[in-house]
Amino acid sequence: MASSFQRRGIPVASFVEDVPTFLQQYNSDPSTALTALQEKLQQYKIAEMKLLGQKRDLQSKIPDMKKCLQIVGTLLAKRGSGEVMKMDFEVAEGIYSQAQFEDTNSVCLWLGANVMLEYTCEEAMELLTKNLDTANTSLAAMVEDLYFLRDQITTTEVTIARVFNWDVHQRRKQRSLKVDESS
Amino acid sequence: MRPGSFFSAEVSEARRRRESVVEILGDGVETEVTWEDQQNINLFGRLNNKFHELEDEIKATKDMAENLEDASNELILADEEEMRYQVGEVFRHMPKEEVEERLETLKEENTQELEKLYKEKDSVLGKMADLKKILYGKFNDSINLEEA
């Protein structure tokens, strides 16, 4: 039997063992049951869309985080070598200016909300790595949630088809009974 | 309205969005579905999702491989000793040899990634084929596991 285990507030679509027994909750009226199931399906789909959006947002942030790590990594690698690095910075769209980089031990990280904080390279590296890890962990959790949601959607879809088939079957039986009576 | 006609519309909508590949046809044929069948169907749905994600990733990785190849070809043609190598948002001036080294590393990583993805795709497809056998074996034409 399907457990009523919840995940992120998503209720489980319980598996229907037997259609007639299931229909008793709806006074054995298949169309009421179908409407209720359709409603549930829609809710699952809305939840899936929301979650997919969140996943896309997060996925688009990960490359940016990697870029930051790359830069800090470069600074760390060159530190102490006394080598002057030349970089081209984009000052406006399509316009680049050259800058020389001497040994540096700190970078400023944009924390958001118009706040920038200066970190040593090691601290920055640590912070950025931690952020990337967190992002990857929540991405993995989201993927799991999406799989779970997909299961609920599939279960509901199958239930709808079964109720519908049962109904058609029932009607056919009734029809053939009537034909028998009239003949 | 024919009973359940909204259901078939629902199914085609879901399939158009290529999200739902599992379809128990509303054809009036009554087949008993057990909890085990349901779990198999759910698993098939998951695998199908995974399959599409892998396809997308493979495409992105292939594009990357092409870009890297283009970059190394350009590098061969270039006669400057100092190149500009993009790190994050800025371009770092770098000797040609170092750029070559970096490109080689990236290419290698890319090839490995691609191999990994192909292996995963094969395993997913294998599992899907097994499930198809089981599910078609039980439900025949009452289930549709193909994509339009």
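What you see below is based on every heavy atom in this structure, not just the backbone, and it leaves out hydrogens, waters and symmetry mates. So you know, we letter chains A, B, ... as the sequences are listed, proteins then strands, and number each from 1.
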Which distance, rounded to the nearest 0.5 Å, do you find between the [atom1] of [X] and the [atom2] of [Y]?
| X | Y | atom1 | atom2 | value |
| --- | --- | --- | --- | --- |
| B/Ile41 | A/Thr154 | CD1 | OG1 | 8.5 Å |
| B/Glu89 | A/Asp88 | CD | CG | 13.5 Å |
| A/Thr74 | B/Arg92 | OG1 | CZ | 5.5 Å |
| A/Arg150 | B/Leu47 | CZ | CG | 12.5 Å |
| A/Met87 | B/Phe91 | CE | CZ | 12.0 Å |
| A/Phe148 | B/Arg46 | CZ | CZ | 9.0 Å |

If you count every heavy atom of other residues, nucleotides or ligands that lies below 6.0 Å from [X] atom [atom1], does the total exceed 12?
| X | atom1 | result |
| --- | --- | --- |
| A/Gln25 | CD | yes |
| A/Glu126 | CD | no |
| B/Glu108 | CD | no |
| A/Gln98 | CD | yes |
| A/Lys40 | NZ | yes |
| A/Lys50 | NZ | no |

Exercise for review: Identify which part of A/Tyr96 has an atom lying under 4.5 Å from any heavy atom of chain B, answering side chain, backbone, both or neither.
Suggested key: side chain
Review point. Is it the side chain or the backbone of A/Gln152 that comes within 4.5 Å of chain B heavy atoms, both, or neither?
Key: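 Nothing of A/Gln152, per the 4.5 Å heavy-atom cut-off to chain B.
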Practice item. Show your working on side-chain contact (heavy atoms from CB on, under 4.5 Å) between B/Val90 and A/Glu90 and close with a plain yes or no. Key: CA-CA 7 Å; B/Val90 300; A/Glu90 189 165 29; over 6 Å; no
Check your understanding: Which atoms of B/Arg84 come close to chain A, meaning under 4.5 Å heavy atom to heavy atom: side chain ones, backbone ones, both, or neither?
Key -> side chain
Check your understanding: Given a strict heavy-atom distance threshold of 4.5 Å, which part of B/Glu82 is in contact with chain A: side chain, backbone, both, or neither?
Key -> side chain
Check your understanding: Can B/Met94 and A/Lys86 be said to form a side-chain contact (heavy atoms from CB on, under 4.5 Å), step by step?
Key -> CA-CA 8 Å; B/Met94 213 186 251; A/Lys86 270 192 264 172; over 6 Å; no
Would [X] end up clustered with [Y] when hydrophobic side chains under 4.5 Å apart are linked, directly or stepwise?
| X | Y | answer |
| --- | --- | --- |
| B/Phe51 | B/Ile134 | no |
| A/Leu111 | A/Val72 | yes |
| A/Phe89 | B/Tyr85 | yes |

Review point. Any idea which heavy atoms bring A/Phe15 and B/Val33 closest together, and the distance?
Key: CZ-O, 3.3 Å
**Study point:** A/Tyr147 versus B/Lys50, closest heavy-atom pair with distance
**Key:** OH-CD, 3.1 Å
